[in-house]
Amino acid sequence: MTLAPMTPLAAMPSPSTAVWQLGPVPIRAYALCIILGIVVACVVTEYRLRRRGVAPGAVLDIAVWAVPAGIIGARIYHVITSPEKYFGAGGEPIKALYIWEGGLGIWGAVAGGAVGAWLAARQLGIPFTVIADALAPGLPLAQAVGRLGNWFNNELYGGRTTLPWGLEVHVMDPDNPGHALRDDAGNPVLQPGLYHPAFLYEALWNVGVAALVLFLDRKLRLGRGRAFALYVMGYTAGRFWIELMRTDEANLILGVRLNVWTAALVFLGALAYFIRVRGPREYLVPVGEPAPAAGPAGDVSQVDLSAREAAARPVAPEGYRVVTEEQFDAYRKTGVLPPADDERPEAAVGADAATDDADDADEAGRASTDSAAEGADGDDTEPERADAERTNAGRADSGGRPADRDS
């Protein structure tokens, strides 16, 4: 008896096209997924920054710095870890700049984006750890969305599988990037068999990391960059085992993919930071917040409505000051800024006490001076008092009434 070969009952298809032409402009699915992921990260980060006290719209100022720096960092990491494609035999160095042909490393993206965010933080006067913690759940969500671009590109898959969610992978046309190779009948050509959808595993893992960060951040009130360290630990833990599943070409160290080593080292660094750093969550209040513009006076017909609308728009403060959660809650309820370190009531009480001590010292000094003066006057009048006593005694002896007597 001959057994029929095991064939899967279901499979996950892959797109055969990842690039569409809009006139002379190519629209790439991977780029659209990256942009959508950036939007998701910005929305989540904006919401979390506002809850920490940052003015609305700050995330756009941060993105202006962080996104280009992240793209540059991602490309640099890819070129450094795969130099043979550009500088080896038959390589073309100019193609190191061809980002649209693919090749972005997440490790370089995070490092470059961090540098850009740090520069933005200095410009805005926001502590960098506040931005990092606000970004912590949004970044893995952005990565999850971005991984859909790998699905369109028919890349980032694992070994062969017969699981129901096994992935069909097209053979991509090297002469027509972004499109599957087609046979004589015009049908897209598939790789033989089905494969583990590693990109999907990572996307789902990233969504789980985002949920984990949100849960523990709310429960433990994480601050000082610890929420971001938690994201890094969660992401690298998943990337470690997912990277071991991949079968695409990669540089090896001791027979293990380079990204596996990178994930392990970054995980240990994030773990050390999470354990060593302590401190409460940081909240911000504005410094140099502009006062609301005064209402116009005079005839209503002379009012410049456009100027009024411009004045009503929120203006970012000059900077921010870190306060406790209790002070921040009081500020949101009352609108009264909490006192700075040099304006705290304890400092004023200390100054008053010092003033009182100085006044007491002055009074003591004046009392000592008066006592000394009285003592000096007593020495000068002592002979007069002695003469008066002798005169009274003489009067008593001569039959006169004494000055004092017992009753």
Side-chain angles (χ1 to χ4, degrees), residues 11-41 67-68 70-79 81-88 90-109 142-160 165-203 206 242-243 245-251 259:
M12 179 185 302
S14 292
S16 59
T17 302
V19 180
W20 303 272
Q21 288 294 137
L22 185 61
V25 180
I27 306 298
R28 303 179 186 277
Y30 187 85
L32 293 178
C33 292
I34 293 295
I35 293 172
L36 181 58
I38 292 172
V39 171
V40 170
V67 172
I71 294 175
I72 294 173
R75 187 61 175 180
I76 290 175
Y77 179 85
H78 170 74
V79 172
T81 55
S82 303
E84 64 280 355
K85 296 182 179 180
Y86 310 100
F87 306 105
E92 299 181 52
I94 188 61
K95 287 193 174 182
L97 304 176
Y98 292 1
I99 296 179
W100 55 89
E101 291 187 356
L104 298 175
I106 183 60
W107 314 108
Q143 291 174 269
V145 175
R147 281 306 177 201
L148 295 179
N150 299 119
W151 178 54
F152 278 95
N153 286 348
N154 285 255
E155 59 189 6
L156 193 53
Y157 51 87
R160 296 278 293 268
W165 55 83
L167 180 69
E168 295 178 344
V169 179
H170 291 101
V171 178
M172 303 306 287
D173 189 350
D175 298 326
N176 189 15
H179 298 272
L181 188 67
R182 297 184 178 272
D183 58 20
D184 296 338
N187 299 316
V189 179
L190 289 171
Q191 300 273 10
L194 302 178
Y195 301 84
H196 280 287
F199 76 90
L200 180 60
Y201 298 159
E202 184 171 334
N206 287 336
I242 293 172
E243 193 71 25
M245 296 180 61
R246 293 174 59 174
T247 57
D248 53 315
E249 294 183 2
N251 290 327
N259 284 335

**Report entry** Residue pairs, two or more places apart or on separate chains, that pass side chain to side chain donor-acceptor pair (under 3.5 Å) and touch residues 13-40
**Finding:**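 Not a single pair qualifies under side chain to side chain donor-acceptor pair (under 3.5 Å).
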Query raised in the report: Short question: side chain of Trp107, backbone of Gly73 - any donor-acceptor pair under 3.5 Å?
Result: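 Flag not set: sc Trp107 to bb Gly73 has no pair under 3.5 Å.
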Could you measure the distance from the [atom1] atom of [X] to the [atom2] atom of [Y]? Nearest 0.5 Å is fine.
X      : Y      : atom1 : atom2 : answer
Glu202 : Gln143 : CD    : CD    : 7.0 Å
Ile34  : Leu36  : CD1   : CG    : 10.0 Å
Glu92  : Tyr98  : CD    : OH    : 7.5 Å
Tyr157 : Asp248 : OH    : CG    : 7.5 Å
Arg75  : Leu97  : CZ    : CG    : 7.5 Å
Arg182 : His170 : CZ    : NE2   : 7.5 Å

Do [X] and [Y] make a side-chain contact, defined as non-hydrogen atoms from C-beta onward lying under 4.5 Å apart?
X      : Y      : value
Leu104 : His78  : no
Leu167 : His196 : no
Asn154 : Gln191 : no
Arg147 : Leu156 : yes

Query raised in the report: Of the options Ile38, Leu148, Asn153, Asn150, which is the one that meets Cys33 in a side chain to side chain contact (heavy atoms under 4.5 Å, CB included)?
Result: Leu148
What closest approach, in Å, do [X] and [Y] show between heavy atoms, and which atom pair accounts for it?
X      : Y      : result
Val189 : Asp183 : CG2-N, 3.8 Å
Ala144 : Ala203 : CB-O, 3.5 Å
Pro13  : Glu168 : CA-OE1, 3.7 Å
Glu155 : Phe199 : O-CD2, 4.4 Å
Pro188 : Ala180 : CB-CB, 4.0 Å
Gly105 : Tyr77  : CA-CD2, 3.8 Å

Requested in this report: Would you verify whether the NZ or CZ of Arg160 falls within 45 degrees of the ring axis of Tyr195 while also being under 6.0 Å from that six-membered ring's centre?
Outcome: yes
